[in-house]
Amino acid sequence: MKQYLELCQRIVDEGVWIENERTGKRCLTVINADLEYRVDRNEFPLITTRKSYWKAAIAELLGYIRGYSNAADFRAIGTPTWDANANLNEAWLANPHRKGEDDMGRVYGVQGRAWAKPDGGVVDQLRKVVDNLSRGLDDRGEIISFYNPGEFHMGCLRPCMHTHNFSLLGDTLYLTSYQRSCDVPLGLNFNQVQVFTFLALMAQITGHKAGVAYHKIVNAHIYEDQVELMRDVQLKREPYPAPQLEINPDIKTLEDLETWVTMDDFAVHNYKHHPPIAYPFSV
Ligand SMILES: Nc1nc(=O)c2c([nH]1)NC[C@@H]1CN(c3ccc(C(=O)N[C@@H](CCC(=O)O)C(=O)O)cc3)CN21
Ligand SMILES: O=c1ccn([C@H]2C[C@H](O)[C@@H](COP(=O)(O)O)O2)c(=O)[nH]1
């Protein structure tokens, strides 16, 4: 929690105002942030200085793991977070690749599970990483990348958290995740939970101990209509201790995640938080 608040304070104190053409808004922006989550100690990085909707964040991760490309599928497992990008983004609505209501196109999970090969067929990046790690193998290329510039025009948004690189040291699994663009008041709330939970889940289904998750962010910003709430409300609050995440131990394989897992298989304990803050969302 301390590292999150320090990043927010740094943006407020040292951020540079940058025009963003896509959203038509200005963002207070800093470059480079390195966050670390102690999955080994189960210090769940849930924001305590406002109420955080962790189930929606984990549902989003589960949707990526399943390769979803449709906002309705995300809603069905517990998160409305892709509704706006799928259905309210003018450029995407006018895009001939959009297959109708709720279609997100070839983003995130689609690239992770079905990266199109030039000669036909697809690459299932996640399956390969799970298979290697399950055999105790780290080929120093256990990478899942959602960043496919050749297909940007076929999706509603370029991936923000674009690469997940797993590493095995003895029987301990590590994760380094890369993010090119980060909406710190809204997105990072979710992304912290996702990086932590991705490592915890991958350690569990590949039979390893979870170590530390490293989260590397390039452009970290606060939109102009969020700055006041961050500076005058959220940053004035004292954080509470980190809660703990409990994952159903019956989740043992990638197939389990793909088939029967729901948000009921996750619980958070000792989550003490301040009241919600409704930050504006930019499409
Ligand atoms: N501008 C922007 N910021 C983002 O963080 C973001 C995007 N766009 N587009 C793609 C995804 C969607 N994500 C989202 C979308 C909505 C919320 C959001 O509204 N969160 C609220 C309430 C969530 C709920 O009720 O479940 C929050 O207070 O955290 C968070 C992340 C993260 N990403
Ligand atoms: O997981 C996510 C997804 C998106 N965001 C934020 C970061 C930006 O504010 C927007 C994406 O806009 P771009 O113009 O494509 O950079 O969404 C996030 O923080 N986390």
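Worth knowing before you read on, the calculation uses all heavy atoms, side chains too, and leaves out hydrogens, waters and symmetry mates. Atoms within a ligand are numbered from 1 in the order they appear, just like the ligands themselves.
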Original post:
Between Asp103 and Gly100, is there a donor-acceptor pair closer than 3.5 Å when you use the side chain of the first and the backbone of the second?
Top reply: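 No.
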
How close does the nearest protein non-hydrogen atom get to [atom], and which residue and atom is it?
| atom | value |
| --- | --- |
| atom 28 (O) of ligand 1 | Arg50 NH1, 2.8 Å |
| atom 14 (C) of ligand 1 | Thr81 CG2, 3.6 Å |
| atom 10 (C) of ligand 1 | Asn85 OD1, 3.2 Å |
| atom 6 (C) of ligand 1 | Phe281 CE1, 3.8 Å |
| atom 5 (O) of ligand 1 | Gly187 CA, 3.1 Å |
| atom 1 (N) of ligand 1 | Ser282 O, 2.9 Å |
| atom 19 (O) of ligand 1 | Leu186 CD2, 4.2 Å |
| atom 22 (C) of ligand 1 | Tyr53 CD1, 3.8 Å |

Original post:
Who are the ring-ring contact (aromatic ring centres under 6.0 Å, His included) partners of Phe44, not counting sequence neighbours?
Top reply: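 Once residues adjacent in sequence are excluded, the partners of Phe44 under the ring-ring contact (aromatic ring centres under 6.0 Å, His included) criterion are Phe196.
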
Original post:
With sequence neighbours excluded, what pairs up with His274 under the ring-ring contact (aromatic ring centres under 6.0 Å, His included) test?
Top reply: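 Counting only residues at least two positions away or on another chain, His274 forms a ring-ring contact (aromatic ring centres under 6.0 Å, His included) with Tyr240.
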
Subject >> Any protein heavy atom nearer than 4.0 Å to atom 8 (N) of ligand 1 >> reply: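 So atom 8 (N) of ligand 1 has protein heavy-atom neighbours under 4.0 Å.
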
**OP:** Go through Tyr108 and Trp82 one step at a time and tell me if the ring pair (Phe, Tyr, Trp, His ring centres under 6.0 Å) criterion holds.
**Re:** CA-CA 12 Å; Tyr108 285 88; Trp82 280 94; 5.4 Å; yes

Subject >> Any residue meeting side-chain contact (heavy atoms from CB on, under 4.5 Å) with Thr23, in chain and number order, not counting sequence neighbours >> reply: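 side-chain contact (heavy atoms from CB on, under 4.5 Å) check on Thr23 returns Asn20, Lys25, Tyr223, Ser282.
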
Can [X] and [Y] be counted as having a side-chain donor-acceptor contact under 3.5 angstrom?
| X | Y | result |
| --- | --- | --- |
| Asn87 | Asp102 | yes |
| His215 | Ser177 | no |
| Asn70 | Arg75 | no |

**OP:** Write down the atom of Leu7, the atom of Ala33, and the distance for their closest heavy-atom approach.
**Re:**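 Here Leu7 and Ala33 meet closest at CD1-CB, 3.9 Å.
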
Original post:
Of the non-hydrogen atoms in Ile77 and Met263, which two are nearest, and what is the gap between them?
Top reply: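 In terms of heavy atoms, the two residues are closest at O-CG, 3.6 Å.
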
Original post:
Is there at least one pair of N or O atoms, one from Trp82 and one from ligand 1, spaced under 3.5 Å apart?
Top reply: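 Between Trp82 and ligand 1, no N or O pair is found under 3.5 Å apart.
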
Subject >> Ion pair check, Lys209 and Asp40, cut-off under 4.0 Å >> reply: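 Salt bridge between Lys209 and Asp40, a charged N being under 4.0 Å from a carboxylate O: no.
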
Subject >> Short N-O contact, Glu6 and Lys2, less than 4.0 angstrom >> reply: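 Here Glu6 pairs with Lys2 in a salt bridge, since their nearest N and O are under 4.0 Å apart.
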
Original post:
By number and element, which atoms of ligand 1 are closer than 4.0 Å to a non-hydrogen atom of Leu157?
Top reply: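 The list of qualifying atoms is 9 (N), 10 (C).
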
Original post:
Quick one: which ligand 1 atoms are inside 4.0 Å of a heavy atom on Ala56?
Top reply: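 Heavy-atom distances to Ala56 below 4.0 Å select 26 (O).
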
Quick one: look at [X] and ligand 1, take heavy-atom pairs under 4.0 Å, and tell me if it's side chain, backbone, both or neither.
| X | result |
| --- | --- |
| Asp183 | side chain |
| Thr79 | neither |
| Tyr279 | neither |

**OP:** Kindly tell me which protein residues have any non-hydrogen atom under 4.0 angstrom away from an atom of ligand 2, grouped by chain and ordered by number?
**Re:**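 Within 4.0 Å of ligand 2, the protein residues are Arg22, Tyr108, Leu157, Arg158, Cys160, Gln179, Arg180, Ser181, Cys182, Asp183, Gly187, Asn191, His221, Tyr223.
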
Original post:
Looking at side-chain heavy atoms only, is the closest gap between Asn148 and Arg106 below 4.5 Å?
Top reply: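 The answer is no; the side chains never approach within 4.5 Å.
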
